[in-house]
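In each ligand, atom 1 is the first atom listed, and ligand 1 is the first ligand listed. Note that this is a predicted model, so its numbers are computed, not measured.
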Amino acid sequence: MRNSLTTTTEPGTIAHKILTGDLRAVARAISRIENGGAETAAILRGIYAGTGRGLTIGITGPPGAGKSSLVDRLAAHYRASGLKVGILAVDPSSPFSGGAILGDRIRMQSLSTDPGIFIRSMATRGNLGGLARATIDSVAVLDAAGYDRILVETVGVGQDEIDIVRAADVTLVVLVPGMGDDIQAIKAGIMEIGDLFAINKAEREGVERMERELLASLEMSVRPDGWHPPIIRTVATRNQGIDSLAEAIDRYAAYRKAQPAATARNLHLVEHRLHELLREELLRIVLGDAIPADDLAALVGSVARRELDPYTAVGEMLRHAGLTPTMQREAGRDAGMRGAMDLAIQHLGVAVSSIEESLKFWRDGLGLELKEVELVEDQGVRVAILPIGESRIELLEATGDETPVGRFLARRGAGLHHLCLEVDNLATTLDSLKKAGIRLIDEQPRIGAGGALVAFVHPQGTGGVLLELTQKGTGHGAPAGS
Ligand SMILES: Nc1nc2c(ncn2[C@@H]2O[C@H](COP(=O)(O)OP(=O)(O)OP(=O)(O)O)[C@@H](O)[C@H]2O)c(=O)[nH]1
Ligand SMILES: [Mg+2]
């Protein structure tokens with residue numbers, strides 16, 4: 001699996017190096033991802049098929065609960081069983097505050113001399129997209145590089161962090177005794193995302209009470225997957241409870257894998273992720289490239305002075321980027337092209353008894369250019385293509401009597417055989433025709449000549465004309481014969 005993947009990614013690229021587990025490539029990739037660089041997409045594209053093997057564990061909880069200490073202990077535990085461990089410590093605060101991170105770095109030094117462990121602190125540097133995206137992409141890099149367990153530590157505050165832990169395979173919430181009163185407050189944020197709970201600093205007084213309150217709080221909600229989050233007592237400083245914690249993590253990971261609900265949850269996460277990326281990408285396109293800074297400033301000024309309403313302003317911004325159907329049409333016309341939502345006549349198919357003979361009119365008489373004559377063998381037809389404006393006339397000559405065009409000629413004689421319209425989305429068009437009760441020859445798009453997606457509509461539904469529909473941008477424009 002691994003080998004076949006590495007060979008499909010271009011050797012020498014950073015993505016390829018990541019897939020071979022190259023440590024420097026991993027570090028460099030994460031830096032680029034963190035900086036929100038343009039190479040992020042290329043890296044992720046190159047490694048994505050190689051991800052999904054490692055287990056990502058999100059560890060969250062209030063400041064000072066002992067998350068980092070537990071991460072250290074868990075990492076050592078996994079190392080002892082020969083697993084490679086990646087650690088990402090997320091600091092949502094300013095990259096310049098860095099106190100806790102620095103502390104973590106120094107403390108984790110003992111681990112960081114081990115080549116089987118990769119440790120990295122994550123901070124926001126790029127202005128768009130932010131921490132969640134950078135962290136989730138960095139997890140993907142570690143995953144692709146062959147890290148078996150990826151531990152992501154976050155202080156459970158803010159939407160970014162919720163997004164990060166939600167994207168993990170397993171979420172561990174770390175609490176400490178004496179927080180009982182805070183459970184209600186915490187609950188709204190991280191309580192419902194915990195797949196398991198550690199009560200760390202369990203040597204302290206109040207651990208029983210804490211556990212009781214936590215249990216009571218957990219019992220109030222039923223998870224859709226039927227999992228009952230276990231509570232594990234740990235003392236990170238004394239390395240106590242770590243085995244039970246690791247065992248509970250594996251147990252949940254296995255449970256999750258076997259759950260149909262996990263698939264649904266995963267689809268939901270992916271959808272959420274795509275929305276986020278789309279939002280970022282749109283912002284980048286519209287604000288970054290499409291609108292000159294002066295124009296943008298002018299728009300902002302107009303709205304501030306109430307000369308322009310915000311909706312029109314946003315419409316204007318989208319128009320700059322060539323977006324939204326109506327505006328795209330306008331933009332397209334400006335550029336001398338047709339809008340993407342328009343239907344267009346792709347070609348007219350005319351059945352003729354002899355191309356040679358017919359060219360006397362279409363080419364010699366009318367002055368159209370004969371671009372090519374193509375043999376579409378499986379449809380038993382020779383096709384002469386004569387461009388006309390943005391569409392073309394296709395002269396169809398049968399190669400035998402028992403061919404669609406041959407039968408048409410025998411039955412009706414030479415003449416207009418079919419009309420071919422180009423549509424944006426063939427499946428959607430077929431759906432709406434179906435709903436309108438129109439008789440279709442092809443209920444589903446199929447591959448026509450030249451690789452184009454095509455479907456035919458029965459003449460009964462169109463007032464007597466055989467109608468071919470083809471999806472814009474598919475195939476190389478060859479006729480579908482018919
Ligand atoms: N008594 C006791 N102290 C602990 C235990 N685990 C961690 N600590 C201490 O608690 C303090 C905070 O531990 P960290 O592991 O840095 O906690 P954290 O949750 O990562 O903290 P932040 O990342 O700053 O939110 C440190 O002084 C640890 O030594 C424990 O089980 N018992
Ligand atoms: Mg920490």
Side-chain angles (χ1 to χ4, degrees), residues 56-79 85-112 117-124 131-132 134-135 138-139 149-162 164-165 168 170-180 182-183 185-186 189-191 193-211 214 230-246 248-249:
T56 308
I57 304 157
I59 294 131
T60 190
K67 300 178 293 296
S68 298
S69 310
L70 282 175
V71 164
D72 286 8
R73 296 298 192 186
L74 275 175
H77 174 93
Y78 290 136
R79 284 305 292 144
V85 182
I87 300 173
L88 296 176
V90 178
D91 183 5
S93 56
S94 149
F96 305 109
S97 78
I101 291 294
L102 203 59
D104 278 353
R105 274 208 182 125
I106 290 163
R107 196 166 35 72
M108 284 175 174
Q109 215 97 76
S110 57
L111 292 176
S112 64
I117 291 194
F118 182 95
I119 302 178
R120 183 66 176 250
S121 308
M122 300 292 300
T124 332
L131 206 48
T135 306
S138 300
V139 165
R149 295 285 182 278
I150 300 150
L151 306 172
V152 184
E153 176 190 342
T154 74
V155 182
V157 290
Q159 189 56 46
D160 254 1
E161 300 215 13
I162 304 272
I164 291 166
V165 283
V170 180
T171 299
L172 167 67
V173 174
V174 182
L175 303 169
V176 289
M179 288 185 48
D182 298 334
I183 284 189
I186 299 168
I190 53 177
M191 290 300 280
I193 56 174
D195 300 313
L196 38 148
F197 290 82
I199 302 181
N200 190 43
K201 309 194 183 183
E203 85 280 15
R204 288 191 179 170
E205 217 169 295
V207 62
E208 279 87 11
R209 176 157 172 251
M210 178 68 199
E211 189 167 321
L214 182 53
I231 301 169
I232 295 104
R233 296 185 191 183
T234 58
V235 184
T237 40
R238 295 183 204 153
N239 205 15
Q240 286 171 8
I242 306 302
D243 291 353
S244 314
L245 187 58
I249 290 170

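The Mg ion (ligand 2) sits nearest to atom OE2 when only the N, O or S atoms of E153 are considered.
The two residues A202 and I199 have their closest heavy-atom pair at CB-O, 3.5 Å.
Of the options L245, T60, D195, a side-chain contact (heavy atoms from CB on, under 4.5 Å) to L172 is made by L245 and by none of the others.
In summary, an N, O or S atom of S68 is located under 2.8 Å from the Mg ion (ligand 2).
When only interatomic distances are considered, the shortest N/O to N/O separation between G66 and ligand 1 falls below 3.5 Å. For ligand 1, the polar-atom distance check against G64 finds a nitrogen or oxygen pair separated by under 3.5 Å.
Counting heavy atoms from C-beta outward, I57 and I150 have side chains that stay 4.5 Å or more apart.
For ligand 1 and P63, the ligand atoms under 4.0 Å from any heavy atom of the residue are 25 (O). Applying the 4.0 Å criterion to heavy atoms of V235 picks out, from ligand 1, the atoms 31 (O).
Closest heavy-atom approach to atom 5 (C) of ligand 1 among the candidates T234, T60, N200: N200. Among D72, V174, T237, the residue whose heavy atom sits closest to atom 29 (O) of ligand 1 is T237.
At least one donor-acceptor pair under 3.5 Å links the side chain of K67 to the backbone N or O of G61.
Residues forming a salt bridge (Lys or Arg N to Asp or Glu O under 4.0 Å) with E203 (at least two apart in sequence, or on another chain): none.
Contact annotation: E153 has at least one heavy atom less than 4.0 Å from an atom of ligand 1.
Between T56 atom OG1 and L151 atom CG the span is 9.0 Å, to the nearest 0.5 Å.
With a 4.0 Å cut-off on non-hydrogen atoms, E203 touches ligand 1 through its side chain and not its backbone.
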Identify each donor-acceptor pair in which a side-chain atom of residues 230-244 lies under 3.5 Å from a protein atom, sequence neighbours left out, and give them as a table.
residue : atom : partner : partner atom : Å
R233    : NE   : E211    : OE1          : 2.7
R233    : NH2  : E211    : OE1          : 3.2
T234    : OG1  : N200    : OD1          : 2.9
D243    : OD1  : H77     : ND1          : 3.0

